[in-house]
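See structure below.
Being a predicted model, the structure only gives us computed values, none of them experimental. A, B, ... follow the sequence lines: proteins, then strands. Residue 1 opens every chain.
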Amino acid sequence: MAQKKMGKQTLQFSSAPVITSAAAVVGPKEGQGPLGDKYDMVCDDTYLGEKTWENAEQKMMQYSMELALEKRGLLPADLDFYLAGDLLNQIISANYTARFLNAPFLGLYGACSTMAEGLCLAGILLEGGFGERIGVSVSSHHDTAERQFRYPTELGAQRPMTAQWTVTGGGSCVLERIGTGVKLTHATIGKIKDMGVSNSNDLGSAMAPAALDTIKTHLEDLGRKVDDYDLIITGDLGIFGHTLLKELMQKEGYPVERLSDCGVLIYDPNQDTHSGGSGCGCSAVVLAAHLMEKLHKGEYQRIFFVGTGALLSPISVFQGETIPCIAHGVVLEAPSNE
Amino acid sequence: MEMLVRAFVLGGLICVIGQLLMDLTPFHITPAHILVGYVTTGVVLSALGLYQPLVDWGGAGATVPLSGFGHSLAQGAIRGVESKGLLGALGGGIEATSVGVAAAIVFGLVAATFFQPKA
Amino acid sequence: MDKQAIRERIKEREALIAQNFVLAEQEMTRLQQELQKEHQKVLYWEAKAKGAEKEHFNGLRLEIERQQKRLALPEQIVYQSTALRLAPKQTVVKNVVMAFLVGGTICLAGQVILNIFLQNGLAEKEAGAATSALLVFLGAFLTGLGYYDELGKVAGAGSIVPITGFANSIVSSAMEFKREGFVYGVGARLFTVAGPVIVYGTLVSILVGLIYFFINRANFTLL
């Protein structure tokens, strides 16, 4: 049997499970962003006709999974497992979506790294031969996150320049053990990094060291160089966090030209988000809409997708605790030409 | 007319202090901290006799900021003591500000009932 | 590994920690693992010990925990200073100007309202209270329409400090939690920010009243 664990934290999926379908559903602000025409569905408002934002977020997650299944010609009953998570207390969006799909469900919490965490676990399950098809979903919603983590939305508070805008959107992937699609070849499971940052309005600088740690470990584990990838893209460091990561990478002697960040790509600088996007939805919708397309077109042959998560809670913030952060990465390769 | 200018200038300056506190201090200061800080500071300044001159000079420029609410509380407590003794110390502040507090509760409740947050 | 060995290691590490160096990654990992090992061991002893011995192990464990935290500190400080250097600058000048203009304008509006009440024959106190009530109404109304938070983004303290900002804090949280019902939602959340303001304002005013009473005690009856 081929070796499955490489180095300290990296897994090798020699059977190369594939992402056969992916879909992204976003809110109006994301729809007006630079990637606006790539999403599968752009909602007119942030309520989606629901009474609460929480319901709206759940619907976004559900719609993205349904669309991903429909694109592949599958039904929820075809899923062997469903892995999902979001930012709300007790991951209620995922729980209600799993109730709708009625598939065997494992709830995940990795904050904004949840999509990458879900892909890692889906890869493990498929590589292990425990199933044929797995659905992975995540969602976030600006207004549900604001009221849970910061202030009521209508409070006239000023957002500092380091603040990021939580992406309103849901993203889903369908992974299959056999098939054609974007290949999942490796996953690197991250460790918690806590650099003593406690400002919940500055998650970018809290998460950058976690991203660095995972990228570094990944390259060492596989004996690869940055240049082996067409793109190394982090989840939601935002403009400030991305700048910091580049600085940290440079200090360690890595080239930084191929680094990018979903939180930087998702909004236009004049959309008044300050430091860019964040949230589970951020990396998920950029992956589902933008990165998947680039991989399918062959513009990217191989990318390293690093989901970054700030694992704080509203209570830990009030108690002045520092923010533990994590980053999980997966290697995605363009479909082989057959 | 002159009073309007003074109200504008004094009110603006009082707000600027809050802005400087938020932007230039390393602490994470929320709107709630600002409001609590202004009210208690207003009470203390008023008790020391430092707030009344501001009100005399700048009118609404001193009474509209939340420190003016603190001023009303302190003056209410002092007048309460003068008219009712020790009991007035307890009730005076709230009596003097009762209109504002009641208005906040009623309008708050009404607005929250009829409007939806839009974000 | 015994108690004595651990105590000595703590002392040795203390000397290292006192140098405040950022340690090399390997050295750091080694020390962290050593600390984990000692912590686990001491905890195991402590769990079984009784009386004075338990106290002793407890003290030792707290020492180890303190070192665990302390060990990471130099690295954190270096990182945070890098972050601080690269952080986007707050637009302080613009913020201050906007706070001045918006705060000033709200107070100006207050003065206009006050003047109108005074001209219509209200006594000074009543006119002041009526002005506050009207401004609270305006703040609440604009919050409901969704304009006040837009103003706040630009004006900062300029729209927080005036009494309209007080109204905004009340309405915004009450409105936000409407779906949680009228008791635990609206009713309770009305006072998320207003509560502390009223609590501490009233408390300090009572203290002021008490002090005033005792200073001038000779002049007043007790009740």
Item to check | Neighbour count >12 (heavy atoms, 6.0 Å) for atom CD, C:Gln26 | outcome: no

Item to check | For the student: nearest non-hydrogen atoms of C:Val171 and B:Ala112, plus distance | outcome: CG1-N, 4.4 Å

Checklist entry - Checking C:Leu135 against chain B: side chain, backbone, both or neither under 4.5 Å from a heavy atom? => result side chain

Checklist entry - Is there a donor-acceptor pair under 3.5 Å between the side chain of C:Lys178 and the backbone N or O of B:Pro117? => result no

Checklist entry - What are the two closest heavy atoms between B:Leu35 and C:Val193, and how far apart are they? => result CD1-CG1, 3.7 Å

Checklist entry - If you count heavy-atom pairs under 4.5 Å with chain B, which of C:Val186, C:Thr202, C:Ile106 comes out on top? => result C:Thr202

Checklist entry - If you count the non-hydrogen atoms of other residues, nucleotides and ligands that lie under 6.0 Å from CZ in C:Phe100, is the total more than 12? => result yes

Checklist outcome for this item: Among residues 41-53 of chain B, residues within the sub-4.5 Å heavy-atom range of chain C, in order of number, are B:Val43, B:Val44, B:Ala47

Checklist outcome for this item: Bottom line for B:Val106: the part with an atom under 4.5 Å from chain C's heavy atoms is neither

Item to check | Segment of C:Val204 engaging chain B (4.5 angstrom heavy-atom cut-off) | outcome: both

Item to check | Minimum heavy-atom distance between B:Gly18 and C:Ala157, given as atom pair plus value | outcome: C-CB, 3.6 Å

Next on the checklist: Is there a side-chain contact between C:Ile170 and B:Phe107 in this structure, where contact means two heavy atoms from C-beta onward sitting under 4.5 Å apart?
Outcome noted: no

Checklist entry - Which answer fits C:Ile113, side chain, backbone, both or neither, if we ask what part of it has an atom under 4.5 Å from a heavy atom of chain B? => result neither

Item to check | Donor-acceptor pair, side chain of C:Gln111 and main chain of B:Ala60, under 3.5 angstrom | outcome: yes

Checklist entry - Based on non-hydrogen pairs under 4.5 Å, which of B:Val36, B:Val5, B:Leu21 is most in contact with chain C? => result B:Val36

Checklist entry - Can you list every pair that meets ring-ring contact (aromatic ring centres under 6.0 Å, His included) and has a residue in residues 150-181 of chain C, with sequence neighbours left out? => result B:Phe69-C:Phe166

Checklist entry - Any chance CD of C:Gln80 has more than 12 other-residue heavy atoms, nucleotides or ligands included, within less than 6.0 Å? => result yes

Item to check | chain C contact via B:Leu10 - side chain, backbone, both or neither, heavy atoms under 4.5 Å | outcome: neither

Checklist entry - Any side-chain heavy-atom pair from B:Pro65 and C:Cys107 closer than 4.5 angstrom? => result yes

Item to check | Pick from C:Gly158, C:Ala130, C:Ser132 with the largest number of heavy-atom pairs that fall under 4.5 Å of chain B | outcome: C:Gly158

Next on the checklist: Please find the pair of heavy atoms, one from C:Gly201 and one from B:Val39, that lie closest to each other, and give the distance.
Outcome noted: CA-CG1, 3.4 Å

Item to check | Residues, nucleotides or ligands: over 12 heavy atoms within 6.0 Å of C:Glu27 CD | outcome: yes

Item to check | Side chain, backbone, both or neither of C:Ile163 within contact of chain B (heavy atoms, under 4.5 Å) | outcome: both

Item to check | Max heavy-atom pair count under 4.5 Å with chain C, selected residue of B:Leu66, B:Val99, B:Ile17 | outcome: B:Leu66

Next on the checklist: Quick check on C:Val112 against chain B: is it the side chain, the backbone, both or neither that has a heavy atom closer than 4.5 Å?
Outcome noted: both

Checklist entry - Considering only heavy atoms, which portion of C:Ala167 lies under 4.5 Å from any heavy atom of chain B: side chain, backbone, both, or neither? => result neither

Checklist entry - Which answer fits C:Asn168, side chain, backbone, both or neither, if we ask what part of it has an atom under 4.5 Å from a heavy atom of chain B? => result neither

Checklist entry - If you measure from CD on B:Glu82 to CZ on C:Phe213, what distance do you get to the nearest 0.5 Å? => result 12.0 Å

Item to check | Distance in Å, C:Leu145 CG paired with B:Gln116 CD, rounded so as to fall on 0.5 Å steps | outcome: 13.0 Å

Checklist entry - Which one, C:Gly146, C:Gly152, C:Ala133, leads in non-hydrogen pairs under 4.5 Å with chain B? => result C:Ala133

Checklist outcome for this item: Value for CG (B:Leu90) from CD1 (C:Ile206), rounded to nearest 0.5 Å, stands at 5.0 Å

Next on the checklist: With rounding to the nearest 0.5 angstrom, report the CZ to CG distance, C:Phe182 to B:Leu109.
Outcome noted: 7.0 Å

Checklist outcome for this item: Rounded to the nearest 0.5 angstrom, the CE-NZ distance for C:Met175 and B:Lys118 is 6.0 Å

Item to check | Choice from B:Ser98, B:Ala102, B:Gly100, B:Pro31 maximising heavy atom contacts with chain C below 4.5 Å | outcome: B:Pro31

Checklist entry - Side chain, backbone, both or neither: which part of C:Leu207 has a non-hydrogen atom closer than 4.5 Å to chain B? => result neither

Checklist entry - What part of B:Ile94 gets closer than 4.5 Å to chain C, counting heavy atoms only: side chain, backbone, both or neither? => result side chain

Item to check | Heavy-atom proximity to chain B below 4.5 Å, by part of C:Thr105 | outcome: both

Checklist entry - Side chain, backbone, both or neither: which part of B:Arg79 has a heavy atom under 4.5 Å from chain C? => result side chain

Item to check | Heavy atoms from other residues, nucleotides or ligands near NE2 of C:His39 exceed 12 (cutoff 6.0 Å) | outcome: yes

Checklist entry - What residue, out of B:Ile34, B:Leu13, B:Thr63, has the most heavy-atom pairs lying under 4.5 Å from chain C? => result B:Leu13

Checklist entry - Would B:Phe8 and C:Leu101 satisfy side chain to side chain contact (heavy atoms under 4.5 Å, CB included), going step by step from the backbone distance to the final call? => result CA-CA 8 Å; B:Phe8 178 82; C:Leu101 292 178; 4.0 Å; yes

Next on the checklist: Taking every non-hydrogen pair under 4.5 Å, which of C:Ala194, C:Gly209, C:Gly144 racks up the most with chain B?
Outcome noted: C:Gly144

Next on the checklist: Under the side chain to side chain contact (heavy atoms under 4.5 Å, CB included) test against B:Met22, which residue among C:Val92, C:Asn95, C:Ile160 passes?
Outcome noted: C:Ile160

Item to check | Reported CE-to-CG distance for the pair B:Met3 and C:Leu108, which is rounded to 0.5 angstrom | outcome: 11.5 Å

Checklist entry - Given the options C:Val161, C:Thr131, C:Leu134, C:Val97, which has more heavy-atom pairs under 4.5 Å with chain B than any of the others? => result C:Val161

Next on the checklist: Heavy-atom count check: over 12 atoms from other residues, nucleotides or ligands less than 6.0 Å from C:Gln19 CD?
Outcome noted: yes

Next on the checklist: When you compare the side chain of C:Leu203 with that of B:Thr40, does any pair of heavy atoms fall below 4.5 Å?
Outcome noted: no

